[in-house]
Structure formats: C-alpha cells, structure tokens
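Residues take their numbers from the sequence shown, with the count starting at 1.
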Amino acid sequence: MPKLKVMLPEAGEVTHELVDEVITLGRVSDNVLQIEDASVSSRHAQLNLVVGGNYHLQDLGSTNGTRVNGAPVSEAPLKNGDRIRFGSVETSYHSGNAAAVEPLPAAAGPVARPATESRRPPSFSNASPFQKKGRGIDPAGKYIMLGSILAVVLFIVALVSIFLLHKPA
C-alpha cells in the first residue's frame, strides 16, 4: 500500500497510508492530508492514483512550490523513494513495492574518517560565559547571617526577661 512519510520539526515523522484515488494536501482541515505548517499553502497539492498503483503529483498553484528530489515541479509521476518537499516540509513517497526502490546517486565530496587519537590543544581554555564560581564563603553573607542570629537571640532574651518581671508589692 502506498504511503507518504511526513517529517515535521515538532511532531517528528508521521506516516499516512494513501487509500483514496484523489488525495489533496494542504494547511486547511478540509484536505485529505492536512499539514499544519506556515510554508504549506491552504490547498497546496493533489495526488491522483494512476494505473499500476502509483500516484501522480500535481501542484495546485502553491505559494512556496513543490519539489520532487530537489527539482521544482508543477506535476510529476511518483516513484518509490521519491523525496517530496511541500514548502519547507519534507516528505517521502513509498509505493509499497520494495523492488522498485532506486538507489540515490553517491554524494561527491570529502570522505570523513574517524580519529585515531585525541589530544587537548595546548591553547585550550574554558570559553563558557558561565565561569565556575569559587568555593569560598562570601564575607558579607557571613556577617549578615551572624547579625541575624544575634538579633533573634536578643529578642528571645528580651521576651524571657519580660515574663520574669514581678509586680511591685
């Protein structure tokens, strides 16, 4: 069964099974597939089932366009593994036929190799804006705490002396 995998930044990957002959995609709720993203038009695109069980993609005049495998399209037949972009939302089409997967072209460029060893550079220093605080005691806080304790003790002594007073005879 054909599927469309939608990759949303906040919701992760969501898979939709394509069961209708005509599937509309867009931001508003009356579409068969609703994609709530500002870059997706209210009625962005339409998928039409064709003979053979695959779908044909048609852009419905969207503002931010539709791309298949990186190329802008107004309409295109979909093949298994096609990457489709509606506005800035990435999706992938899976026809359900595993034999129909076409390999992606190999990427050209530098090859990354794992490091064989790791050393701290001699000029390395802490660049954090939140430097570690010293473990020393704050002298001002120490004196404030001692003054507070002395005030509480004097208050208790004053209360005790008031209760110990006797009436004159």
(message) Same cluster or not: V14 versus L25, using hydrophobic residues (I, L, V, M, F, W, Y) connected whenever any side-chain heavy atoms lie under 4.5 Å apart?
(response) no

(message) What I'd like to find out is whether the side chain of P2 reaches to under 4.5 Å of the side chain of N54, using heavy atoms alone.
(response) no

(request) Taking T66 for its side chain and V73 for its backbone only, find out whether a donor-acceptor pair lies under 3.5 Å. (result) no

(request) Give, for atom CD1 of I84 and atom CG of D59, the distance between the pair rounded to the nearest 0.5 Å. (result) 11.5 Å

(request) With L78 as reference, evaluate V50, L47, L18 under the side chain to side chain contact (heavy atoms under 4.5 Å, CB included) test and give the passing residue. (result) L47

(request) Output the distance between atom CG (N69) and atom NZ (K79), rounded to the nearest 0.5 Å. (result) 6.0 Å

(message) Going by the rule side chain to side chain contact (heavy atoms under 4.5 Å, CB included), which residues pair with E90 if we only count those two or more places apart in sequence or in a different chain?
(response) M7, R85

(request) Please check if the side chain of D82 supplies one atom and the backbone of Y93 the other of a donor-acceptor pair under 3.5 Å. (result) no

(request) Using the rule that two of Ile, Leu, Val, Met, Phe, Trp, Tyr join whenever any of their side-chain heavy atoms come within less than 4.5 Å, decide whether L49 and L57 are in one cluster. (result) yes

(message) Is there a continuous path of hydrophobic side-chain contacts, each under 4.5 Å between heavy atoms, that joins V32 to I35?
(response) yes

Going by atom type alone, with no hydrogens or angles, which donor-acceptor pairs under 3.5 Å involve a side-chain atom of residues 152-164 and a protein atom two or more places apart or on another chain?
{"from": "S161", "atom 1": "OG", "to": "V157", "atom 2": "O", "distance (Å)": "3.3"}
{"from": "S161", "atom 1": "OG", "to": "A158", "atom 2": "O", "distance (Å)": "2.9"}

(message) For the backbone of R27 and the side chain of Q34, can you confirm whether one donor and one acceptor N or O come within less than 3.5 Å of each other?
(response) yes

(message) Please give me the minimum heavy-atom distance between F86 and L4, naming the atom from each residue.
(response) CE1-CD2, 4.4 Å

(request) Quick one: pull up OG in S88 and CG in D37 and give me the separation to the nearest 0.5 Å. (result) 4.5 Å

(message) Please report the interatomic distance CD(Q46) to CD(Q58), rounded to the nearest 0.5 Å.
(response) 5.5 Å

(message) Could you work out, with side chain to side chain contact (heavy atoms under 4.5 Å, CB included) as the rule, every residue matching N31, not counting sequence neighbours?
(response) T24, V28, R43

(message) Heavy-atom count check: over 12 atoms from other residues, nucleotides or ligands less than 6.0 Å from E13 CD?
(response) yes

(message) Looking at N80 and S95, would you say the former's side chain and the latter's main chain have a donor-acceptor pair under 3.5 Å?
(response) yes

